[in-house]
There are 2 protein chains.
Amino acid sequence: MARETLNREQIVRAAIELLDAEGIDGLSMRKLGQKLGSAATAMYWHVGNKENLLVLAADEVWSEVRLPDVPAVGWRTAARELMYAARELCDRHRWLVRVITTYVGYSDGMARFQECAYETFETAGFRDADLDWAVSTPFMFVTGLAFMTSTEAAEVKERASRNPAAQSEEEAAVVAQAQAIAAKYPRLAASGEAQARRGESFSEQVDEVFAFGVRTILDGLEARLGARSDSV
Amino acid sequence: MARETLNREQIVRAAIELLDAEGIDGLSMRKLGQKLGSAATAMYWHVGNKENLLVLAADEVWSEVRLPDVPAVGWRTAARELMYAARELCDRHRWLVRVITTYVGYSDGMARFQECAYETFETAGFRDADLDWAVSTPFMFVTGLAFMTSTEAAEVKERASRNPAAQSEEEAAVVAQAQAIAAKYPRLAASGEAQARRGESFSEQVDEVFAFGVRTILDGLEARLGARSDSV
DNA sequence: ACCTGAACACCGTTCAAGT
DNA sequence: ACCTGAACACCGTTCAAGT
């Protein structure tokens with residue numbers, strides 16, 4: 001079954017598969033060409049260049065997000081759901097944070113999500129510049145956390161916490177060195193020991209940080225709201 | 001005045017200069033060799049490989065941070081100062097966030113900073129796992145914001161907001177397209193118009209988001225503290 | 001102990017030439 | 001309108017060979 005001709009959607013889908021499977025460094029125009037049975041340079045006719053291809057891929061995956069019904073669930077639940085949805089999306093597509101922060105790709109998929117965030121915090125009672133800031137704050141947090149869990153470093157830490165046997169010698173050495181440094185600082189040492197006693201994997205710890213951070217930020221936003229209405 | 005021999009510090013310093021001047025993609029082993037008057041491959045003897053060089057550079061710049069005197073200023077001021085210090089560091093060295101999130105480089109410079117963060121939130125009253133989470137939350141926010149302002153995308157947005165004349169045609173087209181998308185969503189459109197009326201540059205807006213986020217997170221942490229002591 | 005040069009296996013992108 | 005192949009200007013890294 002021969003394919004008549006390449007098209008943009010097909011290329012974007014293949015790129016997403018490659019990105020999900022091999023990470024952001026796993027995508028090269030040559031590999032993509034191979035996957036599609038074409039010359040690497042054939043892509044350029046359809047997507048312009050690699051940067052644009054990444055932006056198109058990012059837009060595509062944003063459509064996976066289910067948005068909350070803000071009036072029905074209320075702002076606090078809606079905000080929490082948006083934060084969790086963004087985090088899960090970044091977790092499923094570990095290349096996504098890098099792409100959306102690196103390139104100016106304001107796509108429909110992201111705009112739709114952001115519009116819902118604006119609706120959420122408008123419902124909460126934020127207006128004007130406050131509204132912009134209230135929307136941004138939770139997503140800076142999500143971006144930061146997504147970043148820390150989207151890199152090779154996170155995979156190394158996960159392996160170290162879950163089954164040290166799967167580590168390469170080199171990896172184990174890096175982890176051991178990190179522990180040696182922490183050991184010199186009393187509070188870091190104590191925290192490290194306590195963490196070891198709790199026996200959680202790296203990703204479990206990250207999940208808890210996320211849950212804590214979401215509550216903290218929502219509480220903080222409520223406090224801002226209170227401060228506002230007091231001063232009015 | 002001939003240099004006797006290369007050494008690690010010298011290479012790291014040159015790398016930092018190159019990184020600061022040209023960004024993370026501006027550093028290549030060949031350019032670095034040229035800057036130092038050596039073969040690119042001479043670096044490998046001193047620093048092992050590029051990843052390690054980046055980790056060494058990151059460690060080096062952490063020493064620039066001045067830490068607050070926690071007992072003297074109190075936890076809330078200390079926490080704010082730590083957040084601002086981290087942000088300024090990431091602003092001076094726009095490659096830093098990428099390096100510390102990408103590689104497992106737990107260096108002395110970072111450990112020292114983190115120890116102070118632990119002291120700060122311990123002083124606030126956080127203990128055990130709560131303490132770990134309280135330390136992490138503000139820095140996920142800082143990381144996320146630093147990221148959004150450390151990329152080429154941020155420079156494009158800055159130019160667009162400050163003097164559109166400095167934009168290339170291609171850049172202007174991307175910005176115009178982003179605005180066209182936002183225009184389709186009522187709240188995004190309204191926010192964009194209000195922002196235009198306020199006439200702030202991108203970096204001014206980011207500064208305000210940061211200030212808002214810091215207050216919000218500190219308020220949120222205070223709320224957590226209150227919840228704890230209620231339940232005890 | 002420290003450095004060089006050639007070499008290898010990659011990149012993204014351009015562009016003339018083909019159909 | 002769509003695709004190919006060669007070519008260009010880059011990468012990081014290895015390694016034998018030099019001093």
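Throughout, protein chains are lettered first and strands after them, A, B, ... in sequence-line order, and every chain is numbered starting at 1. Just so you know, these numbers use all the heavy atoms, side chains as well, and skip hydrogens, waters and symmetry mates. This one's a predicted model, so the numbers in the text were calculated from it and none came from an experiment.
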Taking the cut-offs as 6.0 angstrom to the six-membered ring centre and 45 degrees off its axis, would you call B/R162 and B/F202 a cation-pi pair?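 Not flagged: B/R162 not positioned over aromatic ring of B/F202.
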Tell me: [atom1] of [X] to [atom2] of [N], nearest whole Å?
X	N	atom1	atom2	value
A/M43	C/dT14	CE	C1'	16 Å
A/D25	D/dG12	CG	P	13 Å
A/M29	D/dT4	CE	P	13 Å
B/K50	D/dT13	NZ	C1'	12 Å
A/L32	C/dC11	CG	P	12 Å
B/E170	C/dT13	CD	C1'	13 Å
A/I24	C/dC11	CD1	C1'	15 Å
B/N52	D/dG12	CG	P	15 Å

N/O to N/O distances under 3.5 Å, protein versus nucleotides 5-7 of chain C:
residue	atom	partner	partner atom	Å
C/dG5	O6	B/T41	OG1	3.0

Going by distance alone, is a donor N or O of one side chain under 3.5 Å from an acceptor N or O of the other, for [X] and [Y]?
X	Y	result
A/Q205	A/Q195	yes
B/R159	B/S201	no
A/D20	A/W95	yes
A/Q179	B/Y106	no

Return the orientation label for the B/F141 and B/F210 ring planes: parallel under 30°, perpendicular over 60°, tilted otherwise.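 Parallel.
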Would you call the rings of B/F139 and B/F113 parallel, tilted or perpendicular, where under 30° means parallel and over 60° means perpendicular?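 Rings of B/F139 and B/F113: perpendicular, over 60°.
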Identify which nucleotide among [options] has an atom closest to any side-chain atom of [X], counting heavy atoms from C-beta outward.
X	options	value
A/W45	C/dG12, C/dT4, D/dA1	D/dA1
A/N49	C/dT4, D/dG12, C/dT13	C/dT13
B/Y44	D/dT14, D/dC2, C/dT13	D/dT14
B/A42	C/dC3, D/dT4, D/dC11	C/dC3

Below the 4.0 Å mark, does [N] have OP1 or OP2 next to a side-chain nitrogen or oxygen of [X]?
X	N	answer
B/T5	C/dA1	no
A/S28	C/dC11	yes
A/H46	D/dC3	yes

What side-chain hydrogen bond (donor to acceptor under 3.5 Å, both in side chains) pairs are there with at least one residue in residues 45-60 of chain B, not counting sequence neighbours?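 Found B/D59-B/S107.
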Kindly express the pairing pattern of DNA chain D in dot-bracket notation, using | wherever a base pairs with another strand and counting only Watson-Crick or G-U pairs under 3.5 Å. ||.|||||...|||||.||
Which pair of non-hydrogen atoms, one from B/T216 and one from A/I217, has the smallest distance, and what is that distance?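 Smallest interatomic distance, heavy atoms only, reads CG2-O, 3.8 Å.
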Would you say A/E152 has more than 12 foreign heavy atoms packed within less than 6.0 Å of its CD?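 Atom CD in A/E152 is not packed in, count stays at 12 or less.
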Base, sugar-phosphate, or nothing for A/L27, non-hydrogen atoms under 4.0 angstrom?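 Since only primed, P, OP1 and OP2 atoms lie under 4.0 Å of A/L27, the category is sugar-phosphate.
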